[in-house]
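Along the sequence shown, residues are numbered consecutively beginning with 1. Since the model is a prediction, treat every value here as computed from it, not as a measurement.
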Amino acid sequence: MGTSVFLDCVLVREDKPADVLGYALYYYAYSTWSGRVLFLEDVYVKPAHHRKGYGTFILRHLSKMALDLQCVRLSWQGLPDSDAAKFYRKIGAAENSVWSNFKLDVDGMKRMSEQ
């Protein structure tokens, strides 16, 4: 796979390195039709720190990074009826009504690789 970074993260912490309040795991992908995309794989803020601006901070930071690297979008997935989805809608994130998500789990990949 080469020596490039496959996955990176942003940590939100207090004064001490061990005081992690939240994080975001992300990577860069490429859309054939659009160009470079920053994909947010996971974002988490400890429940005790919800509604304190940390989620907004994380998405603002990732948005700036994506723009600096000329990404055409910042994308992620979420459960539609969750508190997180309410937050995403509140900050102006658009839900993708065009594309469906598909996956092959390990068993599916094994079956596919044997065909």
Side-chain angles (χ1 to χ4, degrees):
M1 281 183 122
T3 58
S4 61
V5 174
F6 183 72
L7 183 71
D8 211 343
C9 72
V10 171
L11 294 177
V12 177
R13 59 188 176 99
E14 289 184 332
D15 296 333
K16 300 174 189 169
D19 295 336
V20 176
L21 306 178
Y23 63 85
L25 299 176
Y26 66 93
Y27 58 89
Y28 296 98
Y30 192 83
S31 166
T32 304
W33 298 275
S34 305
R36 184 183 291 178
V37 175
L38 191 153
F39 191 86
L40 176 57
E41 176 60 32
D42 193 16
V43 61
Y44 176 77
V45 176
K46 289 182 179 179
H49 299 285
H50 285 187
R51 294 178 176 78
K52 295 183 179 178
Y54 296 116
T56 301
F57 171 82
I58 289 170
L59 288 172
R60 182 177 294 129
H61 181 74
L62 291 174
S63 293
K64 289 177 182 178
M65 288 175 47
L67 288 169
D68 287 347
L69 292 170
Q70 299 179 338
C71 292
V72 296
R73 71 176 174 268
L74 169 58
S75 294
W76 66 95
Q77 299 171 315
L79 298 172
D81 296 326
S82 65
D83 286 342
K86 291 175 190 171
F87 167 69
Y88 302 146
R89 290 181 194 108
K90 179 181 170 188
I91 64 166
E95 294 180 65
N96 187 342
S97 61
V98 177
W99 295 95
S100 296
N101 293 306
F102 297 93
K103 69 176 183 177
L104 287 173
D105 60 14
V106 172
D107 290 335
M109 290 185 293
K110 287 178 181 176
R111 282 192 305 273
M112 191 68 212
S113 69
E114 294 168 359
Q115 291 183 3

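- Qualifying side chain to side chain contact (heavy atoms under 4.5 Å, CB included) partners for Ser82, counting only residues two or more places apart in sequence or in other chains: Leu79, Ala84, Ala85.
- At least one side-chain heavy atom of Lys86 sits less than 4.5 Å from a side-chain heavy atom of Asp83.
- Environment of CZ in Arg89: crowded, with over 12 heavy atoms of neighbouring residues, nucleotides or ligands closer than 6.0 Å.
- With contacts defined as side-chain heavy-atom distances shorter than 4.5 Å, the pair Gln77/Phe39 qualifies.
- Put simply, the side chain of Asn96 does not reach to within 4.5 Å of the side chain of Asn101, judged on heavy atoms.
- For the pair Phe87/His50, no side-chain contact is recorded, criterion being any heavy-atom separation below 4.5 Å from C-beta on.
- When the side chains of ILVMFWY residues are joined at heavy-atom separations under 4.5 Å, either directly or via intervening members, Phe57 and Ile91 end up in a single hydrophobic cluster.
- A heavy-atom distance below 4.5 Å is not found between the side chains of Val12 and Val45.
- For Asp105, the CG atom sits in a packed shell: over 12 heavy atoms of surrounding residues, nucleotides or ligands are nearer than 6.0 Å.
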Yes or no on side-chain contact (heavy atoms from CB on, under 4.5 Å) for Trp76 and Val43, after CA distance, side-chain angles and deciding distance? CA-CA 9 Å; Trp76 66 95; Val43 61; 5.9 Å; no
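- Contact check for Val10 versus Leu62: side-chain heavy atoms found under the 4.5 Å cut-off.
- Defined by atom type and a distance below 3.5 Å, a donor-acceptor pair is present between the side-chain atoms of Asp42 and Tyr23.
- The two residues Cys71 and Val37 have their closest heavy-atom pair at SG-C, 4.1 Å.
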